[in-house]
Enquirer: 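Structure in structure tokens, see below.
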Amino acid sequence: MIRSLPIAGRVGLFFVAAWLLLAVIGPSIAPHPVGAVVAPDVYGAFSAAHPLGTDYLGRDMLSRILHGARFTIGLALVAALAASITGTTLALVAATAGGWVDEVMSRLMDTLISIPSKMLALVMVASFGSSVGLLILTAAVSYTPGAFRIARSLAVNVKTLEYVQAARARGERLPYVAVVEILPNMVNPMLADFGLRFVFVVLLLSGMSFLGLGVQPPNADLGSLVRENISGLFEGAPAVVMPAIAIATLTVSVNLLIDGISGRARTVEA
Amino acid sequence: MDDKNPIRLSTSDQQRVLQALARGASRREVLKILLSMGVMAASAGSLVAMSTKAHAQQPKKGGRIRAATPSSSTADTLDPAKGAHATDYTRHCMLYSGLTQLDATLTPQPALAEEIRNDKATVWTFKLRKDAKFHDGSPLTPADVVYSLNRHKDAATASKVKSVADQFTEVKAGGPNEVKVTLAGPNADLPVILAASHFLIVKDGAKDFSTTANGCGAFKVKEFKPGVRSVFVRNDNYWRAGKPYLDEVEIIGIQDEAARVNALLSGDVQMVMAVDPRSTARIKATQGFAVLETKSGLYTDLVMRQDAAPTNNPDFVMAMKYLIDREQAKNAVFRGFAVVANDQPIPPSHRYHFAGLPQRPYDLDKAKFHLQKAGLVGSTATIVATPAANGSIDMAVLMQQSAQKIGLTLNVNRVPADGYWSNHWMKHPLGFGNINPRPSADQLLTQFFKSDAQWNESGWKNEQFDQLVLAARAETDEAKRKKMYGDMQVLIHEKCGIGIPVFLSFVEAHSSKVKGMGSIPIGAFMGYTFAEHVWLDG
Amino acid sequence: MAEARPAALPGWRAGVPARWRGTTAWLIANRIGSGALTLLIVSAVIFIITGWLPGDAAQEALGQSATPETVAALRAQYGLDKPPYVRYFDWLVGLLSGHLGQSFTASMPVTELIAARLPKSLVLAAVTAAVSVPIALAIGIVSAMWRGTLLDRALNIATLSMVAVPEFLVATIAVLIFAVKLQWLSALSNAVDVSTPTQFFRTYAMPVATLCFVVIAQMARMTRAAVIDQLSASYVEMAVLKGARPARVALRHALPNAIGPIANAVALSLSYLLGGVVIVESIFNYPGIASLMVDAVSNRDMPVVQACAMIFCFAYLLLVLVADVVAILANPRLRHR
């Protein structure tokens with residue numbers, strides 16, 4: 001299976017697997033507790049004692065990144081999956097049922113898209129406090145309508161192709177048409193969209209840290225790590241650069257893997 | 001040049017040198033002029049140094065600067081009574097003048113009130129300046145002062161200082177150019193209280209502050225867009241002759257600290273306040289900029305409610321107080337821009353500060369001892385922190401680490417800044433507060449520590465303390481007053497549910513072209529009054 | 001359908017058969033109706049969720065110095081002592097008669113506040129769209145045409161990395177390099193004077209570039225995916241067998257059928273540009289409506305929050321309508337509904 005992936009896909013798989021592993025075992029292998037101030041020097045450079053430097057309070061960055069990866073990956077993965085799956089399902093229902101079902105759902109989704117996600121996050125956190133469950137829910141709610149919209153336009157497009165029309169002419173019922181005929185033809189763009197949803201949730205989390213929201217201290221997700229150490233940017237402190245690189249490798253590798261998989265899926269299908 | 005052999009230049013020669021300097025002559029050109037006058041080369045050199053330095057301190061009229069503050073929103077207001085934060089206070093101090101003004105030692109100086117007399121500190125008479133005029137040209141009259149002070153008592157004004165103004169039982173005109181203020185009880189600090197930006201004088205009957213302001217201040221409104229920017233131009237009829245020096249001042253709000261500092265370093269603004277201590281290194285390293293630190297009585301305090309568990313247990317309170325690593329807070333959180341405090345609110349620079357109070361150390365053993373006495377070892381507590389209280393989140397995290405070592409689990413609950421004061425402050429057993437410096441010790445203790453005070457953060461009740469507050473307020477003998485305030489500090493230190501780790505400094509930065517900046521520890525930007533003192537040079 | 005005579009359509013569409021002319025006009029009319037419904041639902045939803053927020057405008061205005069009497073007085077002034085459904089109804093009535101109400105915190109009409117900021121948001125969004133859409137389309141089409149090659153991989157990684165970096169990091173780095181170190185551009189973007197092209201560039205270059213980093217990826221990737229999907233269809237094979245050049249195949253045959261999902265992705269990305277740009281507005285001190293809304297939420301200034309929500313919704317509906325019309329016009333099969 002791995003052999004059929006192109007090189008980029010394999011690279012993506014490697015990094016994704018590495019990040020998933022870190023998400024699970026990260027906190028156990030971290031050399032220091034996430035909140036301990038261990039160095040007198042803030043924004044310390046790379047050193048033997050602190051391989052990724054120290055942060056703005058003098059805490060070890062390696063430990064903070066290992067702890068933070070779990071939040072970023074966990075939150076983003078769950079929220080993006082929820083958003084993509086919910087959006088695609090609702091879109092299939094809307095596209096195949098048509099009529100007023102389609103109308104009502106589209107109107108509801110339009111409503112949700114019109115509310116800027118950062119504003120929604122602000123209101124949710126201010127009203128209900130900042131817990132992991134709430135953050136996942138907020139991110140999922142923010143990004144489901146986008147997935148819905150794109151899935152629906154894809155489904156509507158596919159619906160007009162010959163074999164779908166043939167299936168309907170045969171008298172196949174709607175759920176069958178939706179799952180067997182339409183869905184497989186949407187899979188590739190929707191996978192690509194999922195990859196992007198994942199990135200958007202990671203970005204939403206880091207955008208929230210700009211507004212002062214996010215997971216509770218002393219924990220911090222990768223975006224918050226970049227944000228709280230931003231004043232080290234001038235000196236090129238590892239404290240701000242390393243979490244940004246972590247985010248970049250994570251999101252790029254997820255998308256490379258998805259591209260690899262979707263490329264393979266296309267060759268398998270007739 | 002030395003005192004023994006002063007070089008005497010004739011008046012016309014001195015004129016030549018001064019004129020050359022006014023033209024912007026360089027050191028070399030001045031040197032040539034001096035040599036041509038026959039001054040010996042060696043002495044000429046030092047004379048040049050002295051004259052250019054002396055000239056550099058001469059204020060120059062003209063120029064425009066842009067200053068950036070951290071907050072600016074549609075809530076920006078031109079009504080002094082509603083001033084909510086540093087940007088508002090700065091605006092108001094530019095547009096309006098008050099009866100008194102604070103100097104660098106926080107001593108009230110006469111401003112619109114030339115002379116102040118008092119009878120047993122209960123009936124105060126203010127004699128107003130005759131030459132002060134409002135921006136619309138009308139002169140300052142007692143009616144304006146009466147209206148300005150009385151409007152705070154009206155609930156419809158929604159004044160931030162209503163509780164302070166409630167002690168004015170009567171404000172009325174007491175003769176030509178005189179205003180008489182009768183207080184509910186003796187208060188020796190009235191001149192200090194009236195120096196606050198909320199008590200600046202507006203025109204009699206003024207109700208609409210939405211687009212323009214009519215005050216006696218050094219500047220007039222040119223443009224006011226709440227949440228965007230304010231532009232003010234020099235008031236040429238300002239009662240302080242010769243001031244202000246600047247032609248125009250623009251105030252904008254840049255909420256993101258990194259953006260604020262970048263704006264300064266790229267030349268887009270000339271002054272910024274609320275600089276993160278971690279940015280000071282790079283500001284100092286850049287040519288043409290300076291950092292200014294003003295030690296003050298601003299503090300972020302740990303609030304332990306006396307009406308909730310576990311903080312109603314005095315041993316738990318003691319444990320928490322010993323758990324605060326003040327040196328670490330000062331160094332790690334504030335990078336040295338702070339002064340270690342001793343769990344009482346009067347800062348070392350204040351004249352009533354009691355230096356004899358032994359400094360409470362960071363002592364994990366004592367903390368553990370008190371925690372055991374309270375029977376709370378192994379328990380969990382939640383501490384509420386917010387960006388609205390400077391440094392509270394970082395201090396909470398540090399306390400969490402220390403608490404782990406003595407068997408106490410502290411969970412940090414970070415809440416957003418908006419809505420903190422209405423919804424979280426004083427509502428949780430363990431939380432944080434943030435108190436701005438107040439020049440009047442009486443005002444500070446009355447508003448935040450007296451049992452019946454609305455903002456009695458910890459909810460403590462101490463009769464002896466309450467009695468001392470009232471006695472000190474009326475006391476005019478300085479020595480006795482100081483002793484009373486000393487006793488109150490000891491009481492707070494030992495019995496109150498408030499932990500004060502450090503006093504914070506105001507950290508600001510400006511371009512070296514801005515001259516005349518100083519410190520008035522009531523607030524940033526020279527106690528918000530920078531605009532009438534600074535000038536541009538270079 | 002042919003009996004329904006819609007208003008005369010401009011230009012070339014008048015020469016188009018009545019059968020599908022009715023479809024597009026019907027679509028637009030339908031959209032106006034459902035758009036109004038959506039706006040109503042949005043206003044109700046926003047009212048409800050902001051009602052969850054603790055505190056209100058009176059408490060926020062008084063902050064640390066609130067006392068029960070001053071809060072009560074201010075509440076009465078703002079009309080906050082009335083029950084929620086009354087307040088919502090009052091606002092709705094006001095909206096229908098053209099009044100957006102009075103801002104609590106700024107004590108000025110909401111329309112004034114918005115009129116000062118909306119044009120600026122629109123300019124930023126328009127410039128960003130004008131720059132990002134062509135770039136995204138070009139990247140997507142080129143990647144699709146040369147899929148699997150090194151160019152494709154490189155473009156892929158480049159766009160992904162661009163969107164992965166947090167906005168505030170991009171903006172801060174840009175300001176550090178171009179404003180502080182090089183002093184070429186302005187760190188702040190609320191300069192009043194943007195009359196000359198140079199001024200305009202100096203002011204807008206960095207905010208637009210930062211926003212492009214965020215929006216290009218989605219549009220480019222969707223373009224690539226949609227075009228690739230079309231490129232594997234049988235009619236494309238047919239065109240290739242007929243000897244059409246790759247560019248012609250991509251642009252004339254594949255692209256028109258891929259326009260539906262592409263247009264939707266573009267609409268979604270661009271709708272972000274009005275309401276989601278809080279960070280850019282904050283860092284560059286740009287007075288737009290995204291930060292107006294966030295401030296209004298912090299100050300619990302309900303009339304302003306409602307008005308901003310209406311604007312974002314309206315803009316989004318407009319963009320989506322344009323996207324759907326474009327999709328229908330481009331894909332003949334969708335014209336018969």
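All chains are named by letter (A, B, ...) in the order of the sequence lines, taking the proteins before the strands, and each is independently numbered beginning at 1. Being a predicted model, the structure only gives us computed values, none of them experimental.
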Enquirer: For C/I279, is it the side chain, the backbone, both, or neither that has a heavy atom closer than 4.5 Å to a heavy atom of chain B?
Expert: neither
Enquirer: Can you tell me how far the OG1 atom of C/T70 sits from the NE2 atom of B/H152, to the nearest 0.5 Å?
Expert: 13.5 Å
Enquirer: Name the region of C/A179, side chain, backbone, both or neither, that has any atom closer than 4.5 Å to a heavy atom of chain B.
Expert: both
Enquirer: Find the distance between CG (C/L176) and CG (B/N262) and round it off to the nearest 0.5 Å.
Expert: 4.5 Å
Enquirer: I'd like to know whether CZ of C/F314 has more than 12 heavy-atom contacts from other residues, nucleotides or ligands below 6.0 angstrom.
Expert: no
Enquirer: Is the shortest side-chain heavy-atom distance between C/V175 and B/S266 below 4.5 Å?
Expert: no
Enquirer: Is it true that atom CD of B/Q255 has more than 12 heavy atoms of other residues, nucleotides or ligands lying nearer than 6.0 Å?
Expert: no
Enquirer: If I measure from the heavy atoms of chain B, does C/L113 come under 4.5 Å with its side chain, its backbone, both, or neither?
Expert: side chain
Enquirer: Working to the nearest 0.5 Å, report the span between CG of B/D256 and CZ of C/F284.
Expert: 10.5 Å
Enquirer: Taking the side chain as every heavy atom from C-beta outward, state whether B/I252 and C/L188 have any pair of such atoms under 4.5 Å apart.
Expert: yes
Enquirer: Atom CD of C/Q183 and atom CG of B/L265: how far apart are they, to the nearest 0.5 Å?
Expert: 9.0 Å
Enquirer: Chain B heavy atoms under 4.5 Å from C/S103: which part of the residue, side chain, backbone, both or neither?
Expert: neither
Enquirer: In terms of heavy-atom proximity below 4.5 Å to chain B, should C/P54 be classed as side chain, backbone, both, or neither?
Expert: both
Enquirer: Does NZ in B/K513 sit with more than 12 non-hydrogen atoms of other residues, nucleotides or ligands closer than 6.0 Å?
Expert: no
Enquirer: Report yes or no: does B/D268 contribute a side-chain atom to a donor-acceptor pair with the main-chain N or O of C/A187 at less than 3.5 Å?
Expert: yes
Enquirer: Measuring from atom OG of B/S422 to atom CG of C/D56, what distance do you get when rounded to the nearest 0.5 angstrom?
Expert: 8.0 Å
Enquirer: Evaluate the side-chain proximity of C/Q59 to B/N423: yes if any heavy-atom separation is below 4.5 Å, no if none is.
Expert: yes
Enquirer: Give the minimum heavy-atom separation between C/L62 and B/K160, together with the two atoms involved.
Expert: O-CE, 3.3 Å
Enquirer: Any side-chain to backbone donor/acceptor pair from C/N285 onto B/G253? Under 3.5 Å, distance only.
Expert: yes
